[in-house]
Protein chains: 2
Amino acid sequence: MTELTIGRAAKNAGVGVETIRFYERKGLIEQPLKPRHGGYRSYPIETVRRIRFVRQAQEIGFSLREIEELLSLRADPSADCSEVRERAAAKLEEVDQKMAQLGRIRSALDELIAACPGRGALRKCSIMESLVAATGETRVPAKADHQESAR
Amino acid sequence: MTELTIGRAAKNAGVGVETIRFYERKGLIEQPLKPRHGGYRSYPIETVRRIRFVRQAQEIGFSLREIEELLSLRADPSADCSEVRERAAAKLEEVDQKMAQLGRIRSALDELIAACPGRGALRKCSIMESLVAATGETRVPAKADHQESAR
DNA sequence: CTGCACTACGTACCTTAGTACGGAGTCAAG
DNA sequence: CTTGACTCCGTACTAAGGTACGTAGTGCAG
């Protein structure tokens, strides 16, 4: 049997026991309400993977709610796929936006590092300036509010 | 003059007025303690850009504390660069890790979408399965604790 | 010169994501 | 068959990141 107690599962997943119970309450992982050994929870390694996924997804800015949405995406051929496709496509969009932003910050950091030991007059000195240089300045109207239509 | 009131700055940056005050307290943006017009805060468009940066960085999983660290990176040729370089390199590392994870999720979503309308037996049905397939299964010891050395 | 919108400041309150606690039951090595 | 480690459950507490609120002071369009 490849089932783990909550303690072992927590250790393997790199979280605390309480966190697992918390995720269970939140519905992020199915609680094993089957009559388990002496009233103790028992987890398949699958659940450990799931918890790891949750943590990794958090690191890149997904909330638990969003992660639940991700995890609930299932391509069941017997169900109507179009809805799942749509939701998956929407998530993909989000992911791509995150990648783009990450890429901008990455270039800015690169530039910063490159500019660092350069002698002579530096133009790009901070992340902000590198970003502006890298993205071509997002225009700020600075005026033109006062009478707004949509809220 | 290209200075904005807090209300205009907030609108331009896409946040609430209270959020700007909050960021000021946190030290994320410099508070204009210069004797501004009638006791009112006044912001350069630069600050609006900064706030936008904060929001974008949050979207990809940086905390306000980390964002402050990012923003404080400055390649000043007159200061000692090595420390800035080091911190920038560390951040770059973090960014790359985020990108990798984002990439994995992206592939999993791609695969999910591709698998969706396929007739016949589906093997990869959920994000988790696509991920496992994409990453080649991280081994879980499942045993070998009970007597641990390092904490 | 008046009125409404905007601002200041401080404090209180909210949500998200855990963490900690206490008392009672369970397991298994010795 | 005892004892120390582990688990159960419910409730309480934290920290981060805002958001709202009340009172009082500006600013400017009409």
Side-chain angles (χ1 to χ4, degrees), chain A residues 1 3-29 31-43 47 50-71 143 145-148 151, chain B residues 1 3-29 31-43 47 50-71 143 145-148 151:
Chain A
M1 260 253 263
E3 300 263 303
L4 316 185
T5 62
I6 195 171
R8 291 182 194 282
K11 187 171 284 188
N12 277 326
V15 302
V17 163
E18 304 296 325
T19 304
I20 295 189
R21 299 212 313 117
F22 176 72
Y23 286 172
E24 252 166 46
R25 267 178 266 139
K26 284 276 161 177
L28 277 165
I29 56 186
Q31 52 259 76
L33 27 81
K34 39 190 173 183
R36 52 259 117 99
H37 195 37
Y40 280 16
R41 289 172 180 82
S42 166
Y43 303 93
T47 298
R50 202 168 160 107
I51 295 167
R52 289 228 188 94
F53 174 77
V54 171
R55 297 255 100 158
Q56 302 246 298
Q58 278 187 303
E59 299 253 290
I60 51 176
F62 286 106
S63 68
L64 292 186
R65 160 160 296 288
E66 290 170 325
I67 292 167
E68 204 181 343
E69 282 165 22
L70 276 173
L71 285 169
K143 215 59 186 178
D145 40 347
H146 187 288
Q147 218 64 241
E148 221 47 46
R151 174 77 290 207
Chain B
M1 262 254 264
E3 299 264 306
L4 315 184
T5 62
I6 195 171
R8 289 181 195 283
K11 187 170 284 187
N12 277 325
V15 301
V17 164
E18 305 296 327
T19 302
I20 295 189
R21 297 215 311 120
F22 176 72
Y23 286 172
E24 251 165 46
R25 267 179 266 139
K26 285 274 159 177
L28 277 164
I29 56 186
Q31 51 259 76
L33 27 81
K34 40 193 172 182
R36 46 272 100 111
H37 194 36
Y40 282 15
R41 290 170 180 82
S42 164
Y43 304 93
T47 298
R50 202 168 160 109
I51 294 166
R52 289 226 186 96
F53 175 77
V54 170
R55 297 255 98 162
Q56 303 246 299
Q58 278 186 302
E59 300 252 291
I60 51 175
F62 286 106
S63 68
L64 293 187
R65 161 159 294 289
E66 290 170 325
I67 293 167
E68 204 180 342
E69 282 165 22
L70 276 172
L71 286 168
K143 215 59 184 176
D145 40 345
H146 187 290
Q147 219 62 241
E148 221 50 44
R151 176 82 288 208

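Proteins get letters first, then strands, A, B, ... in listed order; numbering begins at 1 in each.
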Exercise. Rounded to whole angstrom units, what separation is found between the CD1 atom of I6(B) and the P atom of dC6(C)?
Worked result: 13 Å
For this session: Would you mind reading off the distance between I20(A) atom CD1 and dA17(C) atom P, rounded to a whole angstrom?
Result: 17 Å
For this session: Drop me the distance from E59(B)'s CD to I60(A)'s CD1, to the nearest 0.5 angstrom.
Result: 12.5 Å
Problem set entry | For T47(A), side-chain hydrogen bond (donor to acceptor under 3.5 Å, both in side chains) partners two or more places apart | E30(A)
Exercise. With respect to the phosphate group of dC8(D), does any side-chain polar atom (N or O) of R41(A) fall under 4.0 Å of OP1 or OP2?
Worked result: yes
For this session: Grab the CD1-P distance between I51(B) and dG17(D) for me, whole Å please.
Result: 16 Å
Problem set entry | Partners meeting side-chain hydrogen bond (donor to acceptor under 3.5 Å, both in side chains) with E69(A) (sequence neighbours left out) | K91(A)
Seminar exercise, completed: Heavy-atom contacts, protein to nucleotides 18-28 of chain C, under 4.0 Å, summarised as B (base), S (sugar-phosphate only) or - (none) per nt, yield BSBB---BBS-
Seminar exercise, completed: Rounded to whole Å, CD of E24(B) lies from P of dG17(D) at a distance of 17 Å
Exercise. Excluding sequence neighbours, so at least two apart, what forms side chain to side chain contact (heavy atoms under 4.5 Å, CB included) with Q58(B)?
Worked result: Y23(B), V54(B), R55(B), L64(B), I67(B)
Exercise. Is it true that atom CZ of R25(B) has more than 12 heavy atoms of other residues, nucleotides or ligands lying nearer than 6.0 Å?
Worked result: yes
Problem set entry | Between P of dA16(D) and CD of E68(B), the distance in whole Å | 12 Å
Problem set entry | Counterpart residues, side chain to side chain contact (heavy atoms under 4.5 Å, CB included), relative to E24(A) (two or more places apart) | I20(A), I29(A), Q31(A), P32(A), R41(A), Y43(A)
Exercise. Between dA15(D) atom P and E66(B) atom CD, what is the distance in whole Å?
Worked result: 18 Å
